[in-house]
Asker: 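Have a look at this one.
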Amino acid sequence: METYETLRTIEQDALAELAEVQDEKDLDAWRVKYLGRKGLATQAIKRLRDLPPEERPAYGQAVNALKERLQHAFEERQEALKQRAMEAELRAEAFDPTLPGRRPPVGRYHPSNLILREITDIFKQMGFQVFDAPEVETDEYNFELLNIPAGHPARDMWDTFYTTNEGQLLRTHTSPGQIWAMRQFAPEPIRVILPGKCYRYEQVTPRSEMMFHQVEGLAIGHHITFADLKGTVVNFVRQMFGPERKLRFRCSHFPFTEPSVEVDMDCILCGGKGCRVCKYTGWLEIMGAGMVHPVVLRNGGYDPEEYTGFAFGMGPERIAMLKHGIEDIRYFFSNDIRFLSQF
Ligand code: FA5
């Protein structure tokens, strides 16, 4: 019976020690000590040899039962330790369910898109529809059909990026869109605006980018006069910049309009007195415009004896710069979130 006494002692010691175990390392040492290959409970089977044969099966069963109980106790302790570690971790994180949640950052429109939307909304009220034209153009559409033949000095002003395909280029202005729109609608009267990207091979400065947007406007019909152009532009500028704005139409030249003008607005910062923004002139240039040249009308499919039209082209980034007091156009496309998130 002494043999069974030993088993009981092993069990009591093992359970007492197990209750003291506080971490994984001690737990593992305990397992080796009692349940490992050379562990006390495992080795207890060796006593079988000292017993008479008829008692051996009962003793064998008693050893196995002991090992099972110890194994069970081990697993329970292991689970309890895991649970305790998890609770400690949660406490350390100090989760407070009453705090408000964190808002995920929400995307927003790019300032160029915002100003394009404002511009198109104003023209939509005046019956203009938005027309989409390609950014990758041909020499024919970007220049030839707009009355700018090869060798024309105006080509210097509108130098661009060429593709490896002969005669294919990135458009320098939205004006080739006039031809696309005319060819789609002629001989119906039209009123369209064409917002989109343009590209120029020129030095990047605080006022000029290599890639920027333009919004082209085109109206063609019977009896359209320069007065219609003035009325449309005045209405646009006053809705965009306020009803007190004054406008000036200054003689200019574009090969695709005749007569041509540059439209200036009194400086919104100094009200016309002269300041750094308007370079002390009191005026800010906001667009080029004019009456559609007869050659361009014909290229678009309208008979210039019967139809007249006006066109204009403006730079929305420059308009946004005036509206929001932005000093450098390069902010628009340098992808700095500190700038973009202000709109
Ligand atoms: C033109 O591009 C003409 N196609 C405009 C036009 C259309 C005249 C229809 C008559 C009839 P201009 O090169 O001046 O003109 O450009 C028009 C506007 O685009 C400028 O007033 C400016 O706001 C903007 N722009 C021109 N170049 C740049 C640039 N490098 N960076 C940013 N904006 C520019």
Side-chain angles (χ1 to χ4, degrees), residues 111-112 115-116 119 123 128 131 133 135 137 141-143 145-148 152-161 170-182 191-220 224 226 228-230 232-233 236-237 240 249-265 283-297 299-300 308-323 326-334:
S112 294
I115 197 82
L116 284 175
I119 296 171
F123 282 104
F128 284 75
F131 189 87
E135 279 175 36
E137 266 297 359
Y141 272 72
N142 197 70
F143 296 120
L145 294 170
L146 293 173
N147 205 23
I148 316 172
H152 193 288
R155 287 203 178 206
D156 288 348
M157 204 163 75
W158 288 309
D159 199 4
T160 184
F161 301 98
L170 301 185
R171 67 177 177 190
T172 47
H173 48 177
T174 41
S175 300
Q178 289 187 28
I179 305 286
W180 288 101
M182 286 191 246
R191 248 179 283 174
V192 288
I193 53 165
L194 305 100
K197 289 196 194 77
C198 304
Y199 304 82
R200 284 188 194 182
Y201 182 61
E202 64 181 33
Q203 182 154 19
V204 174
T205 70
R207 283 184 53 77
S208 302
E209 260 288 2
M210 279 191 291
M211 187 203 80
F212 55 96
H213 289 87
Q214 278 191 348
V215 178
E216 189 87 6
L218 174 70
I220 297 179
I224 289 194
F226 199 90
D228 296 310
L229 168 63
K230 283 178 89 171
T232 306
V233 173
F236 163 71
V237 168
M240 182 58 92
F249 291 75
R250 183 163 41 84
C251 283
S252 185
H253 172 76
F254 296 102
F256 34 88
T257 45
E258 182 59 36
S260 304
V261 289
E262 300 275 357
V263 184
D264 299 338
M265 146 181 114
W283 295 98
L284 296 165
E285 183 191 310
I286 50 162
M287 66 174 80
M291 299 305 290
V292 181
H293 197 287
V295 167
V296 177
L297 279 174
N299 289 341
T308 51
F310 66 76
F312 55 83
M314 67 181 103
E317 277 84 22
R318 294 223 185 129
I319 290 189
M321 287 167 81
L322 292 176
K323 250 192 115 122
I326 301 164
E327 287 180 347
D328 197 320
I329 196 169
R330 289 170 290 192
Y331 286 129
F332 282 85
F333 304 112
S334 52

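Every number for a ligand or one of its atoms is a count from 1 in the order of the listing. Just so you know, these numbers come straight off a predicted model, no measurement behind them.
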Asker: Where the side chain of Asp264 meets the backbone of Arg250, is there a donor-acceptor pair that is under 3.5 Å apart?
Answerer: no
Asker: For Ala289, which part has a heavy atom under 4.0 Å from ligand 1: side chain, backbone, both, or neither?
Answerer: backbone
Asker: If we ignore hydrogens and angles and just use 3.5 Å, is the side chain of Thr257 paired with the main-chain N or O of Ser260 as donor and acceptor?
Answerer: no
Asker: Among all protein heavy atoms, pick out the one at the shortest distance from atom 5 (C) of ligand 1; state its residue, atom name and that distance to 0.1 Å.
Answerer: Gly313 CA, 4.0 Å
Asker: Would you say Phe254 and His173 make side-chain contact, with heavy atoms under 4.5 Å?
Answerer: no
Asker: Can you measure from CG (Leu145) to CE (Met182) and round to the nearest 0.5 angstrom?
Answerer: 9.0 Å
Asker: Do His173 and ligand 1 have an N or O pair less than 3.5 Å apart?
Answerer: yes
Asker: Have Ser208 and Gln203 got a donor and an acceptor in their side chains that come within less than 3.5 Å?
Answerer: no
Asker: Looking only at heavy atoms, is any part of Thr172 under 4.0 Å from ligand 1, and if so is it the side chain, the backbone, or both, or is it neither?
Answerer: neither
Asker: Where on Met210 is there a heavy atom closer than 4.0 Å to ligand 1, on the side chain, on the backbone, on both, or on neither?
Answerer: neither
Asker: Number the atoms of ligand 1 from 1 as they appear, then name those within less than 4.0 Å of a heavy atom of Ile329, with their elements.
Answerer: 32 (C)
Asker: Under 4.0 Å from a heavy atom of Glu202: which atoms of ligand 1 are those, numbered in the order shown and with their elements?
Answerer: 29 (C), 30 (N)
Asker: Among all protein heavy atoms, pick out the one at the shortest distance from atom 15 (O) of ligand 1; state its residue, atom name and that distance to 0.1 Å.
Answerer: Phe254 CE2, 3.6 Å
Asker: Of the side chain and backbone of Phe256, name the one, both, or neither that has a heavy atom under 4.0 Å from an atom of ligand 1.
Answerer: side chain
Asker: What about Trp158: any of its N or O atoms under 3.5 Å from an N or O on ligand 1?
Answerer: yes
Asker: Below 4.0 Å, non-hydrogen atoms only: which portion of Ser208 touches ligand 1? Side chain, backbone, both or neither.
Answerer: both
Asker: Report yes or no: does Glu216 contribute a side-chain atom to a donor-acceptor pair with the main-chain N or O of Ala311 at less than 3.5 Å?
Answerer: no
Asker: Using distance alone, determine whether Met287 and ligand 1 share an N or O pair under 3.5 Å.
Answerer: no
Asker: With a cutoff of 4.0 Å, is Gln178 in contact with ligand 1, counting heavy atoms of the residue only?
Answerer: yes
Asker: With a 4.0 Å heavy-atom cut-off (strictly under), which part of Glu317 contacts ligand 1: side chain, backbone, both or neither?
Answerer: neither
Asker: Of all the non-hydrogen atoms in the protein, which one sits nearest to atom 21 (O) of ligand 1, and at what distance?
Answerer: Glu285 OE2, 3.8 Å
Asker: Give me the nearest non-hydrogen protein atom to atom 9 (C) of ligand 1 as residue plus atom name, then the distance to 0.1 Å.
Answerer: Glu216 OE2, 3.2 Å
Asker: May I ask which of His213, Arg330, Met157, Arg318 has a heavy atom nearer to atom 20 (C) of ligand 1 than the others do?
Answerer: Arg318
Asker: Go through the steps to decide whether Met287 and Val263 satisfy the test side chain to side chain contact (heavy atoms under 4.5 Å, CB included), and finish with yes or no.
Answerer: CA-CA 5 Å; Met287 66 174 80; Val263 184; 3.7 Å; yes
Asker: Closest non-hydrogen protein atom to atom 28 (C) of ligand 1, residue and atom name please, with distance?
Answerer: Phe212 CZ, 3.4 Å
Asker: Under 4.0 Å from ligand 1, counting heavy atoms only, is it the side chain of Gln214, its backbone, both or neither?
Answerer: side chain
Asker: Given 3.5 Å as the limit, does a donor-acceptor pair link the side chain of Thr160 with the main chain of Arg171, or not?
Answerer: no
Asker: Give me the ring orientation class for Phe256 and Trp158: parallel if the planes are under 30° apart, tilted from 30 to 60°, perpendicular past 60°.
Answerer: tilted
Asker: Mind checking whether Glu209 has a heavy atom under 4.0 Å from ligand 1?
Answerer: yes
Asker: Aromatic rings Phe123 and Phe128: how do their planes relate, parallel, tilted or perpendicular, breaks at 30° and 60°?
Answerer: perpendicular
Asker: Where is the nearest protein heavy atom to atom 24 (C) of ligand 1: which residue, which atom, and how far?
Answerer: Gly315 CA, 3.8 Å
Asker: For a 4.5 angstrom cut-off between non-hydrogen side-chain atoms, does Met210 reach Phe333?
Answerer: no
Asker: How far is atom 12 (P) of ligand 1 from its nearest protein heavy atom, and which residue and atom is that?
Answerer: Arg200 NH2, 3.9 Å
Asker: How long is the straight-line distance from CD1 of Ile148 back to CG of Asn142, given to the nearest 0.5 Å?
Answerer: 7.0 Å
Asker: Would you say Arg200's side chain and Thr172's backbone share a donor-acceptor pair under 3.5 angstrom?
Answerer: yes
